[in-house]
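Here's the structure we're looking at; comments come further down.
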Amino acid sequence: MAPSLDSGLSVKKIEEKTGAIIDYVDLKKLPQFGALSEKVNSIVDSSSWWERHGVDMCLHTAGFIGWFYSHFLLASTNPLVFTAGILLLGCCHGMITIKSAHMAVHGAVCASPFWNRMWCFVASDIVGTFSADVGYAIHVKGHHPHTNIIGLGDSSTFKAPFVPSMLYMFVTPLLLPIMTPLVALKEIIPESFFKTVRHLVLAYLGLSFHLYLLATISHLDIVTSILVIFLSRNVLAIPYIHVNIFQHIGLPMYSQKHRPKKIYQMTTGVLNLPRNPVLDYCFGHGIISCHTEHHLFPRLSDNMCLKVQPAVKKFCLDHDLPYHEDSYGRRVQHFVLNYKQLMVDAPPITKFVGLQ
């Protein structure tokens with residue numbers, strides 16, 4: 001039985017069988033976002049440049065160095081070394097096109113808006129063959145302000161209701177290297193001729209340069225080079241899809257007409273996964289273990305999200321707000337068992353009047 005409104009309790013219940021998350025929040029005690037923002041800003045203001053930007057800049061640089069060095073491993077005739085080259089190329093490609101591009105599109109790589117913009121074009125268009133303009137429109141202008149709002153930011157772009165659960169979870173993500181540039185073109189062509197041409201030029205230059213490195217450093221023919229690109233970009237494809245659905249779908253969804261306050265919307269509609277030595281650095285803390293912090297403060301770098309996390313978590317718990325955390329394995333189980341409800345059927349609108 002749900003607690004009564006008078007109990008003043010916030011409860012997060014995770015069902016043992018399905019892993020479904022149910023929140024009960026007392027709206028009478030809902031704190032102001034400004035109170036949390038003040039605490040976080042004081043931590044940011046007292047942090048050094050190294051903490052705010054330097055740590056992640058070093059990781060971005062390491063990603064580019066590893067991406068380049070992987071081509072030397074791919075020149076080896078030893079199958080194990082060659083495989084290591086594909087894995088390194090895949091992980092570094094993910095670090096550049098997911099972690100770096102994600103931070104850049106939010107303006108979190110450095111203090112300069114201009115250099116954030118340039119970094120975004122390099123990481124997204126040139127290396128990732130995905131339009132930075134499309135990423136900004138879908139992610140920053142759509143998903144973030146409208147997180148879990150039905151029809152606006154409900155992560156429905158990741159749904160494929162015609163695909164069976166096991167196929168969707170573990171096979172169709174392997175089509176990402178093909179689908180990514182096609183989705184970018186589908187979204188950008190109707191928007192702007194100039195942006196379309198700019199993206200095509202940058203993506204073509206990036207792909208051509210990559211093929212050149214594979215030919216000159218790795219000594220691969222064109223067919224093998226294309227196969228290597230496809231395989232390397234699939235190294236993190238499955239967890240990429242998983243993470244994008246785990247952290248929002250299955251959590252409370254709201255209508256545009258009756259959307260809740262930001263602090264309620266983000267704390268009920270976002271979930272953190274545990275720290276992971278691969279995904280934390282290839283995808284970034286803001287996408288994996290500090291996703292709640294990232295949605296509350298999207299302009300913070302990944303390292304700063306990690307630094308403010310204890311304060312954000314304490315604030316949520318002190319004010320009886322949910323702070324969703326669950327394991328990767330439990331989320332996989334939840335989505336496999338409840339695939340029809342979560343990924344096929346339309347999500348129900350959550351009532352947030354009184355106790356949820």
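All heavy atoms count here, side chains included; hydrogens, waters and symmetry mates do not.
Of all the heavy atoms in Asp302 and Gly284, the pair that sits closest is OD2-CA, 3.3 Å. For the residue pair Thr129 and Arg233, the shortest heavy atom distance occurs at OG1-NH1, 3.3 Å. Between Pro173 and Asn234 the shortest heavy-atom distance is O-OD1, 3.6 Å. Considering all non-hydrogen atoms of both residues, Leu300 and Ala108 come closest at O-CB, 3.7 Å. Across all their heavy atoms, Val243 and Ile287 have their closest contact at CG1-CG2, 3.7 Å. Here the closest heavy-atom approach between residue Val270 and residue His291 is recorded as CG1-CD2, 3.3 Å.
Judged purely by atom type and a 3.5 angstrom limit, Ser124 has no side-chain atom pairing as donor or acceptor with the backbone of Phe121. At distances below 3.5 Å, not a single donor-acceptor pair connects side-chain atoms of Arg52 with backbone N or O atoms of Met304. Checked by atom type and distance alone, the side chain of Ser70 pairs as donor or acceptor with a backbone atom of Trp67 at under 3.5 Å. With hydrogens and angles ignored, the 3.5 Å screen pairs no side-chain donor or acceptor of Asp154 with any backbone N or O of Asn148. Checking side-chain atoms of Asn303 against main-chain N and O of Val55 turns up no donor-acceptor pair under 3.5 Å. Judged purely by atom type and a 3.5 angstrom limit, Asn338 has no side-chain atom pairing as donor or acceptor with the backbone of Gln341. Looking at Gln247, its side chain does come within 3.5 Å of a backbone N or O of Ile288 through a donor-acceptor pair. Side chain of Ser218 to backbone of Ala215: no donor-acceptor contact under 3.5 angstrom is found. With Ser76 contributing its side chain and Leu73 its backbone, the two residues share no donor-acceptor pair below 3.5 Å. Asp125 places a side-chain N or O within 3.5 Å of a backbone atom of Ala132 that can act as its donor or acceptor partner.
To the nearest 0.5 Å, atom SG of residue Cys110 and atom CG of residue Asp56 are 11.5 Å apart. Distance check, rounded to the nearest 0.5 Å: CD1 of Ile229 to CG of Leu214 gives 5.5 Å. Distance check: Ile263 CD1 to Cys316 SG gives 6.0 Å after rounding to the nearest 0.5 Å. A distance of 10.0 Å separates CE in Met95 from CG in Leu236, rounded to the nearest 0.5 Å. Summarising the geometry, atom OG1 belonging to Thr147 is positioned 8.5 Å from atom CZ belonging to Arg259; distances are rounded to the nearest 0.5 Å. Rounded to the nearest 0.5 Å, atoms OG1 (Thr267) and NZ (Lys261) are 12.5 Å apart.
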Quiz: residues 177-186 side-chain donor-acceptor pairs under 3.5 angstrom, not counting sequence neighbours:
unit_1	atom_1	unit_2	atom_2	d
Thr180	OG1	Leu176	O	2.7

What side-chain donor-acceptor pairs closer than 3.5 Å can you find for residues 159-170, not counting sequence neighbours?
unit_1	atom_1	unit_2	atom_2	d
Lys159	NZ	Leu342	O	3.0
Tyr168	OH	Phe158	O	2.3

In residues 78-90, what donor-acceptor pairs under 3.5 Å come from side-chain atoms, sequence neighbours left out?
unit_1	atom_1	unit_2	atom_2	d
Asn78	OD1	Leu80	N	2.8
Thr83	OG1	Pro79	O	2.8

Q | Stepwise side chain to side chain donor-acceptor pair (under 3.5 Å) check, Ser232 with His93 | A | CA-CA 8 Å; Ser232 64; His93 181 269; over 6 Å; no
(Q) With side chain to side chain contact (heavy atoms under 4.5 Å, CB included) as the criterion, how do Phe130 and Thr97 come out once you've worked through the C-alpha distance, each side chain's angles and the decisive distance to 0.1 Å? (A) CA-CA 9 Å; Phe130 188 80; Thr97 62; over 6 Å; no
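For the pair Phe209 and Ile126, the minimum side-chain heavy-atom distance is 4.5 Å or more. Put simply, the side chain of Phe246 does not reach to within 4.5 Å of the side chain of Asp326, judged on heavy atoms. In this structure the side chain of Ile217 reaches within 4.5 angstrom of the side chain of Phe68, judged on heavy atoms. Between Leu273 and Ser327, every side-chain heavy-atom pair lies at or beyond the 4.5 Å cut-off. Side-chain contact between Phe283 and Val278: absent, with no pair of heavy atoms (C-beta onward) separated by less than 4.5 Å. In this structure the side chain of Leu251 never reaches within 4.5 angstrom of the side chain of Thr268, judged on heavy atoms. At a threshold of 4.5 Å between non-hydrogen side-chain atoms, the residues Met266 and Thr292 do not count as touching. You'll find the side chain of Lys99 stays beyond 4.5 Å of the side chain of Tyr281, heavy atoms only.
Using the six-membered ring where Trp is involved, His106 and His294 have ring planes that are perpendicular, over 60° apart on the 30 and 60° scheme. Taking the six-membered ring where the residue is Trp, Trp49 and His53 present tilted rings, their angle falling between 30° and 60°.
Taking Glu187 as the reference, nothing meets the salt bridge (Lys or Arg N to Asp or Glu O under 4.0 Å) condition, with sequence neighbours excluded.
Using modelled atom types and a 3.5 Å distance limit, the side chains of His71 and His219 yield no donor-acceptor pair. A donor-acceptor pair shorter than 3.5 Å cannot be found between the side chains of Arg331 and His242. For the residue pair Asn272 and Ser289, no side-chain donor N or O sits within less than 3.5 Å of a side-chain acceptor on the partner. Side-chain contact of Asp221 with Thr224: a donor-acceptor pair under 3.5 Å is present, judged by distance alone. Side-chain atoms of Gln333 and Arg330 form no donor-acceptor pair, as typed in the model, at a separation below 3.5 Å. The closest side-chain donor-acceptor pair between His102 and His139 falls under 3.5 angstrom. A donor atom on one side chain and an acceptor atom on the other are found under 3.5 Å apart for Tyr323 and Gln309.
Aromatic rings of His248 and His324 (six-membered ring for Trp) have centroids beyond the 6.0 Å cut-off, not under it. The aromatic ring centres of His295 and His143 sit less than 6.0 Å apart.
Applying the 6.0 Å contact sphere to OH of Tyr69 captures no more than 12 heavy atoms from other residues, nucleotides or ligands. Shown here is Phe230, whose CZ atom has more than 12 heavy atoms of other residues, nucleotides or ligands within 6.0 Å. Within a 6.0 Å sphere centred on CD of Gln256, other residues, nucleotides and ligands contribute more than 12 heavy atoms.
Phe33 pairs with exactly one of Phe315, Tyr264, Phe297 by the ring-ring contact (aromatic ring centres under 6.0 Å, His included) rule, that one being Phe297.
Contacts classified as salt bridge (Lys or Arg N to Asp or Glu O under 4.0 Å) and involving residues 192-204 (residues at least two apart or in different chains) are given here: Asp133-Arg198, Glu191-Lys195. Counting only residues at least two apart or in different chains, salt bridge (Lys or Arg N to Asp or Glu O under 4.0 Å) contacts with residues 277-297 comprise Arg275-Asp280.
Phe193 and Ile189 are not part of a single hydrophobic cluster, where members link through side-chain heavy atoms under 4.5 Å apart. Using a 4.5 Å cut-off between side-chain heavy atoms of Ile, Leu, Val, Met, Phe, Trp and Tyr, with links allowed through other members, Val109 and Ile98 fall into the same hydrophobic cluster. Hydrophobic clustering (side-chain heavy atoms under 4.5 Å, transitive across Ile, Leu, Val, Met, Phe, Trp, Tyr) keeps Ile65 apart from Leu213. The hydrophobic clustering, which links ILVMFWY residues whose side-chain heavy atoms are closer than 4.5 Å, places Ile96 and Tyr212 together.
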